[in-house]
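A short write-up of the structure that comes next.
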Amino acid sequence: MSSRGNARDLQPFTMITDCHIHIQPLEMFKPHALELIKKKRANFDEIAEFCRSPKAFLKYLDRSGIDRAMLINYVAPEVIGFTSGVNQFVADYVKENPKRLLSCGSLHPRHTSNVMADVEQLLRLKIQMIKIHPPHQLLFPNDYLTGVKELEIIYRAAEANGIPVMFHTGTSIFPGARNKYGDPIYVDDVAVDFPKLKILLAHGGRPLWMHTAFFLVRRHPNVFLDISGIPPRTLLKYFPRLQEIAHKTLFGTDWPGPGVPDIKQNLDEFRSLPLPQETQQQILSRTALGLWPDE
């Protein structure tokens with residue numbers, strides 16, 4: 001249990017959600033991608049244990065002050081090595097405590113023989129968010145406009161079933177990633193064409209396209225900002241008007257991604273920012289509860 005007690009008994013403003021944590025099947029990683037994760041991490045064996053044991057990971061969340069975690073998984077065979085097997089992995093993992101562990105899965109337009117069947121599988125697994133990672137999946141978010149009809153089917157299914165879609169925006173340092181796909185401007189088409197689809201801009205376009213991300217969040221009612229992967233000490237440099245969009249902003253860490261040493265450290269640094277308590281509570285808790293209610 002979290003140090004704040006049973007999640008069921010918590011008031012909404014106290015339930016902190018990390019909307020972006022990577023708990024993934026390590027055996028799927030390509031060797032070069034895994035080496036990047038291991039780099040400068042003396043505690044990699046502990047991370048590996050968390051990926052195998054949800055019980056151990058929940059204890060780590062308790063120590064970190066996190067009540068709920070969205071576990072990010074996505075299909076990217078070429079760059080990272082992940083196949084569609086990540087969906088079953090995360091669906092099984094969150095069964096340990098579905099109130100605290102939330103499932104993010106994925107589909108890849110070029111790696112499906114029957115996209116409708118794959119969508120139905122995601123629904124059966126009760127996946128709570130879909131991740132599209134353009135720099136790792138090597139596609140633009142709006143490629144449905146140039147013939148990739150599978151993307152349109154994915155977005156329509158997510159929209160119809162109330163499943164948010166998270167897009168990686170910004171750069172990636174993993175070998176083989178192509179960063180031209182990380183510009184969030186291509187999500188503008190998605191927000192226009194699927195106006196009821198809830199869209200999360202992971203990493204806020206950092207470090208190149210923060211102004212674009214801020215514009216999209218302000219323009220579109222259903223576009224949200226995920227601040228994971230942005231060092232808290234630079235957050236207000238990237239987003240000096242963050243308070244204006246706090247009601248559409250979610251806290252996340254991107255742990256254990258490169259550059260994110262510890263969840264608790266990240267949370268503590270965020271809470272030390274000169275932001276009103278109301279703004280912090282909105283970003284740490286309320287926005288996520290609006291997307292994934294504590295039911």
Side-chain angles (χ1 to χ4, degrees), residues 1-3 16-77 79-83 85-98 100-106 127-129 131 133 135-136 166 168 170-177 202-203 206 226-232 250-270 288:
M1 284 300 155
S2 164
S3 59
I16 296 175
T17 300
D18 186 328
C19 78
H20 202 124
I21 290 180
H22 291 277
I23 290 291
Q24 296 161 323
L26 295 181
E27 64 275 8
M28 286 191 189
F29 273 91
K30 288 179 175 288
H32 60 260
L34 191 59
E35 280 305 310
L36 188 56
I37 295 291
K38 288 181 177 180
K39 191 176 182 181
K40 298 181 181 178
R41 281 199 180 273
N43 66 332
F44 179 78
D45 288 344
E46 185 180 41
I47 292 168
E49 174 63 14
F50 295 157
C51 289
R52 289 189 295 266
S53 169
K55 284 187 173 69
F57 178 63
L58 284 164
K59 290 179 181 177
Y60 175 64
L61 290 183
D62 290 342
R63 298 195 299 273
S64 302
I66 300 294
D67 295 292
R68 302 194 306 170
M70 175 60 77
L71 309 183
I72 306 299
N73 283 267
Y74 58 93
V75 181
V79 175
I80 304 295
F82 297 144
T83 70
V86 296
N87 296 317
Q88 188 68 56
F89 166 84
V90 73
D92 290 340
Y93 191 100
V94 302
K95 288 176 183 176
E96 178 66 31
N97 191 330
R100 298 189 64 194
L101 302 174
L102 309 177
S103 58
C104 174
S106 181
I127 296 296
Q128 292 160 283
M129 184 167 71
K131 174 72 178 285
H133 197 312
H136 289 182
M166 173 184 282
H168 175 103
T171 58
S172 169
I173 62 172
F174 279 91
H203 320 309
R206 64 88 178 96
D226 151 17
I227 63 172
S228 69
I230 302 172
L250 299 98
F251 175 78
T253 59
D254 201 28
W255 183 90
V260 187
D262 182 70
I263 293 174
K264 186 177 188 303
Q265 177 184 334
N266 193 288
L267 176 59
D268 289 345
E269 290 178 359
F270 174 80

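Numbering of residues begins at 1 and proceeds along the displayed sequence.
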Geometric class of the Tyr60/Phe50 ring pair [parallel <30°, tilted 30-60°, perpendicular >60°] = parallel
Leu61 CG to Ile263 CD1 distance, which is reported to the nearest 0.5 Å | 6.0 Å
For Asn73 and Ile127, what are the C-alpha separation, side-chain angles and deciding distance, and is it a side-chain contact (heavy atoms from CB on, under 4.5 Å)?
-> CA-CA 10 Å; Asn73 283 267; Ile127 296 296; over 6 Å; no
Separation of Leu250 CG from Met70 CE (nearest 0.5 Å) | 9.5 Å
Matching residue for Glu46 among Lys38, Arg63, Lys59, Arg52 - test: salt bridge (charged side-chain N to carboxylate O under 4.0 Å, His left out) = Arg63
Are Pro258 and Leu36 close enough that some pair of their side-chain heavy atoms sits under 4.5 Å apart?
-> yes
Smallest heavy-atom separation, Asp18 atom then His20 atom, equals OD1-N, 3.0 Å
Do the side chain of Gln24 and the main chain of Ile72 share a donor and acceptor less than 3.5 angstrom apart?
-> yes
For Arg41 and Gly257 the tightest heavy-atom approach is NH2-O, 3.2 Å
Heavy atoms, side chains only, cut-off 4.5 Å: are Leu102 and Arg68 in contact?
-> yes
Show the numbers, then the answer: is there a side-chain contact (heavy atoms from CB on, under 4.5 Å) between Phe251 and Ile66?
-> CA-CA 11 Å; Phe251 175 78; Ile66 300 294; 4.1 Å; yes
Check Ile16 against Gly65 and note the closest heavy-atom contact, atom names and distance.
-> CD1-O, 3.8 Å
Separation between CG (Asp262) and CG (Asp268), nearest 0.5 Å, reads 8.5 Å
In Å, rounded to the nearest 0.5 Å, how long is the span from CH2 of Trp255 to CD1 of Ile47?
-> 5.0 Å
Closest contact, heavy atoms only, Val79 versus Pro175 = CG1-O, 3.5 Å
Drop me the distance from Asp92's CG to Ser103's OG, to the nearest 0.5 angstrom.
-> 10.5 Å
Might you point out which heavy atoms bring Ile23 and Phe89 nearest each other, and give the distance in Å?
-> O-CE2, 3.4 Å
Would you check, one step at a time, whether the test side-chain contact (heavy atoms from CB on, under 4.5 Å) holds for Leu34 with Phe44?
-> CA-CA 10 Å; Leu34 191 59; Phe44 179 78; 3.9 Å; yes
Among side-chain atoms of His203 and Ser228, is any donor-acceptor pair under 3.5 angstrom?
-> yes
Got a donor-acceptor contact below 3.5 angstrom from the Ser172 side chain to the Phe174 backbone?
-> yes
Using 30° and 60° as the class limits, which term best fits the ring planes of Tyr74 and His133: parallel, tilted or perpendicular?
-> tilted
Can you tell if the side chain of Thr171 reaches within under 4.5 Å of the side chain of Pro135, non-hydrogen atoms only?
-> no
Of the non-hydrogen atoms in Asp254 and Arg206, which two are nearest, and what is the gap between them?
-> OD2-NH2, 4.3 Å
Could you tell me whether the side chain of Val90 reaches within less than 4.5 Å of the side chain of Cys104, counting heavy atoms only?
-> no
Rounded to the nearest 0.5 Å, how far apart are NE2 of His22 and NZ of Lys131?
-> 5.0 Å
Asp67 side chain to Arg100 backbone, donor-acceptor under 3.5 Å = no
